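Reviewing the structure listed below.
Since we're looking at a predicted model, the values are computed, not measured.
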Amino acid sequence: MTTWDRLLVVGVVCLAVAFLPATLLAAGSSDGELVVKGPSGRTVISLSEDSTSVVQGRVGKLTVVVHEGTVRVSHAECPNQVCVRSGSISASRGSIVCAPNGVVITLQDSGRSGLDSISR
């Protein structure tokens, strides 16, 4: 390994350490909101406090649990239970879908509009 290789490795490590706090803060923020879209409309739930909500779908009801900034479906009245088995989502992982009930649960950062981009 040459001197330039060592300097390059040290530079990359320093950059990684410098950006680590910003990355951890962004991943751990739970001041977003939960958006539940279903046959009965759109509901927005805050992630800042723990809660349990019941959402009416096409086939039956879903129980959505917010706990410490993560979201999961604890119970669903649908035949395949994929939404229940999908586990918890957080800011790093964004949605749960219950297709038989027609319900989509997504996490959004409260500072964003929900649009990825706008083109003209």
Side-chain angles (χ1 to χ4, degrees):
M1 190 182 249
T2 67
T3 304
W4 290 108
D5 292 338
R6 289 185 184 132
L7 286 174
L8 180 64
V9 169
V10 169
V12 169
V13 169
C14 288
L15 282 173
V17 170
F19 286 108
L20 185 64
T23 305
L24 292 175
L25 282 174
S29 69
S30 63
D31 43 326
E33 56 190 18
L34 174 68
V35 179
V36 181
K37 296 178 187 173
S40 58
R42 181 179 188 264
T43 306
V44 178
I45 302 169
S46 173
L47 292 175
S48 61
E49 57 187 48
D50 294 350
S51 65
T52 301
S53 304
V54 177
V55 179
Q56 181 64 45
R58 282 188 223 136
V59 185
K61 296 178 182 176
L62 281 85
T63 304
V64 180
V65 178
V66 176
H67 180 67
E68 295 179 359
T70 63
V71 180
R72 69 183 176 92
V73 175
S74 64
H75 175 77
E77 296 174 353
C78 62
N80 55 14
Q81 300 289 302
V82 172
C83 54
V84 176
R85 289 187 301 230
S86 66
S88 297
I89 60 173
S90 61
S92 61
R93 215 179 114 217
S95 64
I96 297 174
V97 177
C98 184
N101 272 318
V103 176
V104 178
I105 301 167
T106 56
L107 292 176
Q108 284 186 345
D109 186 9
S110 60
R112 294 185 178 175
S113 67
L115 300 176
D116 290 336
S117 66
I118 299 173
S119 62
R120 295 181 192 184

Members other than [X] in its cluster, when Ile, Leu, Val, Met, Phe, Trp, Tyr link by side-chain heavy atoms under 4.5 Å?
| X | result |
| --- | --- |
| V65 | none |
| W4 | L7 |
| V104 | V97 |
| V59 | none |

Could you tell me whether the side chain of L107 reaches within less than 4.5 Å of the side chain of L34, counting heavy atoms only?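 L34 vs L107: side chains touch.
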
Is Q81 atom CD crowded by more than 12 heavy atoms from other residues, nucleotides or ligands, each under 6.0 Å away? yes

Judged by atom type as modelled, is there a donor-acceptor pair below 3.5 Å linking the side chain of D50 to the main-chain atoms of E68? yes

Give the minimum heavy-atom separation between [X] and [Y], together with the two atoms involved.
| X | Y | result |
| --- | --- | --- |
| G87 | I96 | O-CD1, 3.8 Å |
| C83 | S86 | O-OG, 2.8 Å |
| E33 | L47 | N-CD1, 4.0 Å |
| N80 | P100 | OD1-CG, 4.0 Å |

Out of curiosity, does L62 fall in the hydrophobic cluster containing I89 (side-chain heavy atoms, cut-off under 4.5 Å, transitive links)?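 Yes, I89 connects to L62 through the hydrophobic network.
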
Hydrophobic clustering (ILVMFWY, side-chain heavy atoms < 4.5 Å, transitive) - are V84 and V66 grouped together? yes

Taking only distance into account, with no hydrogens and no angle test, what donor-acceptor pairs under 3.5 Å do side-chain atoms of residues 70-79 form with protein atoms, sequence neighbours excluded?
residue: T70; atom: OG1; partner: H67; partner atom: O; Å: 2.8
residue: E77; atom: OE1; partner: K61; partner atom: N; Å: 3.0

Validation: residues 37-46 side-chain donor-acceptor distances under 3.5 Å, sequence neighbours left out:
residue: S46; atom: OG; partner: S48; partner atom: N; Å: 3.1
residue: S46; atom: OG; partner: S48; partner atom: OG; Å: 2.8

